[in-house]
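Reviewing the structure listed below.
Sequence lines set the chain letters: A, B, ... in the order given, protein chains first and strands last, and positions in each chain run from 1.
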Amino acid sequence: MGERKVTVAAEVGLHARPAATFVQRAKQAPMDITVARPYSGDPVNGKSILAIMGLDVRQGETVVISAEGEGSETILDELAAIAGAP
Amino acid sequence: MNLRGVGVSPGIGHGPAYVLAVSVPEPPEGATYTGEADQEKERAMSALTQVAGELEARGNQAGGEAEDILKAQALMAEDPGLVVKVRSLIDRGLAAPRAVYEAFGKYRDVLAGAGGYLGERAADLDDIRDRVIALLYGMALPAAPTAPAEPYVLVARDLAPADTALLSREQVVGFVTEEGGPTSHTAIIARAMGVPAVVACPGATGIPQGVPVMADGTSGLVHVEPADVDVADAVGAHTARQATIFAARGPGRTADGRPIPLLANIGNPGELDDAVRAGAEGVGLYRTEFLFLGRAEPPSAEEQRRAYRAALDAFPGGRVIVRTLDSGADKPLEFLPGPAAEPNPALGERGLRRARRFPAVMEAQLGALAAMESERLAVMAPMVATPEEAGWFAEECRSRGLRDVGVMIEIPSAALRAADLISQVDFVSVGTNDLAQYAFAADRQLASMSALNDPWQPALLDLVAMTAAAASEAGRPCGICGEAAADPALACVLVGLGASTLSMGAAALPAVRAALAAHTTEQCDEAAEAARAQVTAAEAQAAARARLPGLATFG
């Protein structure tokens, strides 16, 4: 299982445009993608914008993105870059 | 008839009201369907897909900010979690419209419960839901006219991005909504369009279709059927206000010539140009989080020096006050051990507290600042609670050759013992936003706490007054660098309380400059005294404004 831990840098947090860009990319991936807050809470579906908004991740907070399977490392890198972009 | 709401996009908009009555009924509880479950699911799925497609198409047509918003909404309409929920509700016997209604309800409650920015997104979800249900019922949704005979004031319970995305200033001269807040889509889009807007205006949808309406996006007043003379007065006043604001030039000073340097709050070097254009005389708050957050390694000394150099070069001859890194559990650094998830990051290990536990980052930052060897460079620490902390920070700075050292006053204990803190440093700067949230025990991120975070609260004015008086006694400057300094009337009051400099976002500078130029030191003193003599924030504001007659021409 691959993982990336990312600090969200966008001022709006992982909402609005950053969340939409993230989900648009995640939806193209063949495997399951999950997003979770570290230490607490269950992972949610990374292809669900409503679930990601429900995490209420704000600027400066950290999320853990997970995926497994062929090509997951590349996808995780891309998703981490989206989530960490200012 | 007059209505009152909250002005979120300034200016006067007048024209006939176009009342957008979007009223999609709630599908009856327990409504069932006849026929096959698969067919009913198919019906629901195709409605969701069609609405997603329409939102996406409107987004492509609109472009800009509206495009992002509408594309996010399109993703919500086809959300996999939502789709699963709709399908399972239909399997349990619910008709497609009711299943859609209940599935959206679950997510809506989560967002609404979060409050603030996220809470306002609940309205986005309601809009998608209503569009899907209308489609399932075969109802037509009313739309704002795109080719009206005459530009109109658009009135609605709330406006969705899909309603406003294709409108322009040729069609709409004002927005009035019953719901929404300062970060609602109506507010964001109205400001982007440069169209006056009033939100949170109860009774707005009771305005009869087609009657003349005048919305004042500054005061939040909505006049229904205003007299022609009232419209002319309001438009004239607005024009004069703009003229007055932009007529005042040069450094900040009161009408009797007392200099009050007007400085800029800067969050990254990209904001320096705007501050220079707005006539700022220096930087009153240079936040340095942009150098540190979201990166795996701390910035090099060279990178830091470039950022400080940019500010010093933008204001030749001006003072630049750099605030050392303000990190905490809500703004963690990747290159330091993360603080444990704190239940309450605003009250946790942040700012100077964190710098004392992990001094390397602050030491490197002070080293880079000292290497600038600039007399114009000042440095101050965030989140200082005690004179002992102020003394420790001052010693760290001075031992490296930094000569202009200050602390932020943003914790009530620091304001209460301001004299003891000031004796350790060269200046203080009051952060009114945090000072308010700590004084009132009211989270400033929560929209529901905004009345307690009102900068006109007399208790907050008292804390500012105590700090300024202690600074004045010690013969040292007391600046203000919170949102309070950005309000023209409050800026005069802060000067009356003893502030020696005001620092704010660049956009607020011209109006504050004009407000100071229109009043004498004595008037500012009287306004401050009158405000502090009141019991409530509203009374304090009214009492101060009554003693600041110059605001009438532009405030």
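- Contacts with chain B were tallied for A/Thr7, A/Ile49, A/Leu50; A/Leu50 has the most, counting heavy-atom pairs under 4.5 Å.
- Counting all heavy atoms, side chain and backbone alike, B/Val86 lies closest to B/Met45 at CG1-CE, 3.9 Å.
- For the side-chain contact (heavy atoms from CB on, under 4.5 Å) test, residues two or more places apart in sequence or in another chain that qualify with A/Asp77 are A/Arg4.
- Within a 6.0 Å radius of CZ in B/Arg353, more than 12 heavy atoms belonging to other residues, nucleotides or ligands are found.
- Neither the backbone nor the side chain of A/Thr21 comes within contact range of chain B; no heavy atom of the residue lies under 4.5 Å from a heavy atom of that chain.
- Ranked by heavy-atom pairs shorter than 4.5 Å toward chain B, the options A/Thr62, A/Asp56, A/Val6 are led by A/Asp56.
- Side-chain atoms of B/Asn265 never come within 3.5 Å of backbone atoms of B/Gly482 as a donor-acceptor pair (strictly under, hydrogens ignored).
- B/Glu102 and B/Arg129 are not joined by a salt bridge, as no carboxylate oxygen comes within less than 4.0 angstrom of a charged side-chain nitrogen.
- Contacts between A/Asn45 and chain B at a heavy-atom distance below 4.5 Å involve the side chain alone, from C-beta outward.
- For the set B/Leu75, B/Val110, B/Leu82, the entry with the most heavy-atom pairs within less than 4.5 Å of chain A is B/Leu75.
- Only the side chain of A/Lys27 comes within contact range of chain B, with at least one heavy atom under 4.5 Å from a heavy atom of that chain.
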